[in-house]
Amino acid sequence: MKIKKREVQEDMKIIDDDRGFSTSIDAILFLILVSISAAILFPSIAADEQYRSASYTSAQDIDTKLMSTIMSSTVQDFEYTVKPAELTGIEVNLSEDSIIENAEKTLFAKEQKHRTFSDLVAEGLVLGLVIDQNGTEKHLNPMTKMQNIETGKAIEEHLERTIGQRYNYRFEAHWQPVSGYNIQSDIIIGGNAPENAVKQKVRISLPVTYTTTKNDIYGPVNESSICAALNSSDPDKELHDMFYSSIVIASEGASEIITEIVFPYEYLSSLNGTEISIDSEQLACIAGPDNANYSSPVIKGALGCMNYTVKDLYGLNVEMTPEEQSIGLDIVDMVHDLIKKKNTKQISEHILHVQNDNINRTVAQICNASDGSNRIELANTQLSKIYRNSNSGGADVILMIW
């Protein structure tokens with residue numbers, strides 16, 4: 001009986017201890033408060049997400065309109081200075097009695113009016129081409145590199161006036177005459193953009209013409225030539241040679257563009273036998289080595305351009321001995337042909353390297369195909385890749401804001 005009484009007493013102690021009920025009530029009250037807080041804060045959280053979405057949509061609209069203004073807006077006055085001293089060793093200085101304030105600008109400034117930003121960008125990409133030689137970039141024409149720089153400044157000023165302080169921005173323009181080749185040009189303004197930046201991208205045409213047509217490239221590879229190759233003693237070699245012939249034709253089109261930029265044939269030819277007039281005020285601004293035999297900065301600039309192109313860019317061993325007032329046409333012709341030939345060779349090697357695996361696969365598929373139409377389709381697919389590789393078709397312009 002004593003044992004039972006003790007058990008009853010212990011049970012009563014458990015019942016009398018109400019601390020567990022207090023803890024449960026605290027937990028329930030906490031959950032109620034959390035629920036109330038969530039109910040109060042949820043509209044605000046949802047609104048924040050709506051604000052972010054609206055902000056992104058607004059940025060998209062602004063980016064679209066901003067790209068449109070860059071492509072169509074007109075720059076009333078645009079100017080850059082050609083830098084012949086970069087190549088020729090000409091020193092531009094002033095005599096004590098000169099009325100000219102800036103000799104270099106007076107002689108070599110280029111003024112353009114009422115040009116759109118897209119025109120300036122296109123021209124800047126052409127004049128700003130660089131070649132990568134073992135990790136070192138060299139301008140194809142250092143005398144005109146200021147155009148590219150001044151175009152970047154004009155676009156930056158436009159962006160600052162339009163969205164400065166409200167958004168961060170990055171503007172990019174890129175051109176490669178031959179896809180993946182070591183000659184290209186860029187105009188880049190602004191810092192690196194985050195992944196969530198709003199982006200607009202357009203393609204613009206350039207003031208150059210790729211004269212080689214698809215029909216020219218497709219010419220060596222046709223139904224009859226494929227049939228003849230398959231019936232030859234070495235079909236694999238014959239088919240490869242046909243595709244290589246198309247690569248050379250495609251490369252000649254790209255080479256013509258690059259050669260004209262780096263070596264303006266028509267302009268240099270016009271200096272042959274032409275008396276270049278220059279007034280005394282201009283001559284008073286020009287100085288050079290004591291043994292220099294020239295009376296025209298035009299001739300001197302052209303010679304510097306030719307020497308730089310021939311020796312520094314292409315490593316050609318050509319000795320030029322021009323007359324005082326003209327540049328021999330035979331020299332211009334010879335240098336032009338040498339540069340174009342070297343460009344064609346280097347571009348052909350590049351395209352062949354890029355397309356080699358595709359060509360091998362296409363040749364094997366043509367040899368195994370049983371139907372003539374399938375062979376032509378396979379060949380045309382490969383020729384289209386060669387055409388796209390040799391002709392980028394324009395320059396890419398990208399605008400990002402965030």
Side-chain angles (χ1 to χ4, degrees), residues 129 131-135 174-185 201-206 208-261 314 337-396 398:
L129 278 176
I131 182 170
D132 187 336
Q133 295 181 334
N134 300 319
H174 307 283
W175 180 46
Q176 277 191 313
V178 179
S179 179
Y181 193 46
N182 64 345
I183 290 179
Q184 65 179 42
S185 59
K201 183 176 180 180
V202 298
R203 174 157 284 205
I204 61 173
S205 59
L206 296 161
V208 295
T209 303
Y210 186 80
T211 57
T212 301
T213 66
K214 277 190 174 183
N215 289 336
D216 296 330
I217 296 172
Y218 284 40
V221 186
N222 51 56
E223 190 170 359
S224 59
S225 63
I226 291 174
C227 184
L230 293 174
N231 292 323
S232 68
S233 58
D234 193 348
D236 188 272
K237 179 182 180 303
E238 292 295 325
L239 289 169
H240 274 87
D241 288 346
M242 287 160 51
F243 282 116
Y244 184 70
S245 296
S246 294
I247 287 175
V248 172
I249 293 171
S251 300
E252 287 175 345
S255 174
E256 186 174 348
I257 291 174
I258 295 172
T259 303
E260 179 60 28
I261 293 170
Y314 292 99
D337 292 344
L338 286 173
I339 292 175
K340 184 175 179 180
K341 184 177 180 180
K342 187 158 187 177
N343 275 329
T344 300
K345 181 177 181 295
Q346 291 175 340
I347 294 170
S348 297
E349 290 173 351
H350 166 74
I351 295 177
L352 181 61
H353 174 74
V354 171
Q355 297 293 333
N356 189 54
D357 290 342
N358 289 330
I359 291 173
N360 290 338
R361 187 161 47 250
T362 299
V363 167
Q365 291 172 337
I366 290 175
C367 290
N368 294 327
S370 58
D371 183 77
S373 60
N374 286 341
R375 297 189 189 106
I376 288 295
E377 185 178 351
L378 289 167
N380 287 345
T381 299
Q382 178 56 53
L383 293 169
S384 179
K385 293 177 182 178
I386 293 172
Y387 177 77
R388 291 196 303 270
N389 208 159
S390 64
N391 178 19
S392 60
D396 292 320
I398 305 167

Q: Would you mind reporting whether Leu239 and Leu230 have side-chain heavy atoms less than 4.5 Å apart?
A: yes
**Q.** Least distance between heavy atoms, Gly394 atom then Leu206 atom
**A.** C-CD1, 4.2 Å
(Q) Counting C-beta onward and ignoring hydrogens, is there a side-chain heavy-atom pair between Glu256 and Thr212 closer than 4.5 Å? (A) no
Q. Excluding sequence neighbours, so at least two apart, what forms side-chain hydrogen bond (donor to acceptor under 3.5 Å, both in side chains) with Ser225?
A. Asn222
Q | Nearest non-hydrogen partners of Ala229 and Met242, listed with the distance | A | CB-SD, 4.0 Å
Q. CD of Glu223: more than 12 outside heavy atoms within 6.0 angstrom?
A. no
(Q) Between Ser390 and Ala254 (side chain of the first, backbone of the second, donor and acceptor by atom type, cut-off under 3.5 Å), is there such a pair? (A) no
Q: List in chain and number order the residues that pass salt bridge (charged side-chain N to carboxylate O under 4.0 Å, His left out) with Asp241, two or more places apart in sequence or in another chain; answer none if no residue qualifies.
A: Lys237
Q | Main-chain N/O of His174 paired to Gln184 side chain as donor or acceptor, under 3.5 Å | A | no
(Q) With a 3.5 Å distance limit and no angle check, can you tell me whether Gln355 reaches the backbone of Ile359 through a side-chain donor-acceptor pair? (A) no
Q | Any residue meeting salt bridge (charged side-chain N to carboxylate O under 4.0 Å, His left out) with Asp396, in chain and number order, not counting sequence neighbours | A | Arg203
Q: Report yes or no: do Asn343 and Tyr314 form a side-chain donor-acceptor pair below 3.5 Å?
A: yes
Q: Check for a donor-acceptor pair, side chain of Asp216 on one end and backbone N or O of Thr213 on the other, with a separation under 3.5 Å.
A: yes
Q.
Would you compute the distance between atom OH of Tyr181 and atom CD1 of Ile347 and round it to the nearest 0.5 angstrom?
A. 5.0 Å
Q) Rounded to the nearest 0.5 Å, what separation is found between the CG atom of Leu383 and the NZ atom of Lys214? A) 10.0 Å
(Q) If I take atom CD from residue Gln346 and atom CG from residue Asn182, how far apart are they, to the nearest 0.5 angstrom? (A) 7.0 Å
(Q) Run the side-chain hydrogen bond (donor to acceptor under 3.5 Å, both in side chains) test against Lys201 and tell me which residues pass, sequence neighbours left out. (A) none
**Q.** Within 6.0 Å of CD in Glu349, more than 12 heavy atoms from elsewhere
**A.** yes
**Q.** Arg375 to Ile226 - nearest heavy-atom pair and separation
**A.** CD-CG2, 4.0 Å
(Q) I need the Gln365 CD to Asn360 CG distance, nearest 0.5 Å. (A) 11.0 Å
(Q) Suppose the criterion is ring-ring contact (aromatic ring centres under 6.0 Å, His included): which pairs have a residue in residues 214-241, not counting sequence neighbours? (A) none
Q | Donor-acceptor contact below 3.5 Å, side chain Asn368 vs main chain Ala364 | A | yes
Q) Taking all non-hydrogen atoms of both residues, which atom of Val178 and which atom of Asn389 are closest, and how far apart? A) CG1-O, 3.3 Å
Q) Does the pair Leu129 and Trp175 meet the rule for a side chain to side chain contact (heavy atoms under 4.5 Å, CB included), with working shown? A) CA-CA 8 Å; Leu129 278 176; Trp175 180 46; 3.7 Å; yes
Q | Minimal non-hydrogen separation, His350 against Gly180, with atom names | A | CE1-O, 3.1 Å
(Q) Which heavy atom of Arg388 sits nearest to which heavy atom of Ser384, and what is that distance? (A) NH1-OG, 2.8 Å
**Q.** Ile257 CD1 to Ile183 CD1 distance, which is reported to the nearest 0.5 Å
**A.** 11.5 Å
**Q.** Pairs touching residues 245-255 that satisfy side chain to side chain donor-acceptor pair (under 3.5 Å), sequence neighbours left out
**A.** Ser251-Ser348, Ser255-Thr344
Q) How far does OH of Tyr387 sit from CD1 of Ile351, to the nearest 0.5 angstrom? A) 12.0 Å
Q: For the residue pair Thr381 and Thr362, establish whether any side-chain heavy-atom pair is separated by less than 4.5 Å.
A: no
